[in-house]
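I have placed the structure first, in the form of structure tokens, so that the comments after it can refer back to it.
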Amino acid sequence: MGTSRHIAAFFALLFTAASAVADGHEGDWVSYRDAYRSMVLFEKYGKAKHLIQNQYQVMAKDRSAAPDGLQLSLQGTSTHLNLPLDATGRTVFPLLKAAWDENAALVLNRKAGQYWFRPRISIVPHADGVYEQADLRAACEQALAYQQYAEGMARASRCVGVRFVFARGAADPGVRTRKAQASLPAVDGAAFQGDAYESFRVVNVRFDGADKSPVVTQNAPLAINPVYE
């Protein structure tokens, strides 16, 4: 990618991609090549990243617009793939030479100009629902280091905790520390810092608490995200 200036330029281009209607495509689209440039950074990143994952997210700029019903596909001359989006608007991004060569389009079934298209770093979930707080802190530090590298995030940022994200309407998602008898409080909020839509149920776990025992989740979270200040 070259210098950090070039990296920042690619992200700026991705985040502000203009909507357009292309011949042969239904719906609005953004450039696969622009998305590829931003996503391949994670693959090439040489520092520790085993506790985190990188996915591609489509999220409305309007805070009242839920991600329900969004459909994303990759369309090129020979490439036609549906890219299923999860409840937070994320999908696994395919790094395909053919799609690059064909200058394929990422096609959305909504007005693309009303949405952000961007990489999203999150923490890898555990199948058993048990998370050592030391591991959560290490994952947060990995995420911060990568985002400082890729996005030019302020070096003054620091990890203060993690956010467990659940579907809206989940009154008690069932997140607690192993020593605690009661679940940690859940509130309405955004899945990721900076997202406009704030109607997920989220449980924030700060690293400065007195209870350092493992965090246990009764229900599988939609996402586990670092929290910075």
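Every value quoted in this text rests on a predicted model; they were computed, and no experiment measured them.
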Q. Under a 4.0 Å N-O cut-off, is there an ion pair linking R201 with D188?
A. yes
**Q.** D211 and R206 ion-paired at < 4.0 Å
**A.** no
Q | Aromatic Y115 / basic K61 pairing, under 6.0 angstrom, 45° off normal | A | no
Q: Could you tell me which residues satisfy ring pair (Phe, Tyr, Trp, His ring centres under 6.0 Å) with Y32, sequence neighbours excluded, listed by chain and number?
A: Y36, F93
Q) Is the Y45 ring parallel, tilted or perpendicular to the Y149 ring (thresholds 30°, 60°)? A) tilted
Q: State whether a side-chain donor-acceptor pair under 3.5 Å links S122 with R90.
A: yes
**Q.** Aromatic ring proximity, centroids under 6.0 angstrom, Y146 and F42
**A.** yes
Q.
Any salt bridge linking R33 with D101? Criterion: basic side-chain nitrogen under 4.0 Å from a carboxylate oxygen.
A. no
Q: Check whether V162 and V160 end up in the same hydrophobic cluster, where Ile, Leu, Val, Met, Phe, Trp and Tyr are linked by side-chain heavy atoms less than 4.5 Å apart.
A: no
Q) Would you say V175 and V216 are hydrophobically clustered, going by side-chain heavy atoms of ILVMFWY under 4.5 Å? A) no
(Q) Using the ring pair (Phe, Tyr, Trp, His ring centres under 6.0 Å) criterion, which residues pair with Y131? Sequence neighbours excluded. (A) H126, F164
Q | Any donor-acceptor N or O pair under 3.5 Å, side chains N204, R163 | A | yes
Q. Between N82 and S73, do the side chains contain an N or O donor and an N or O acceptor separated by less than 3.5 Å?
A. no
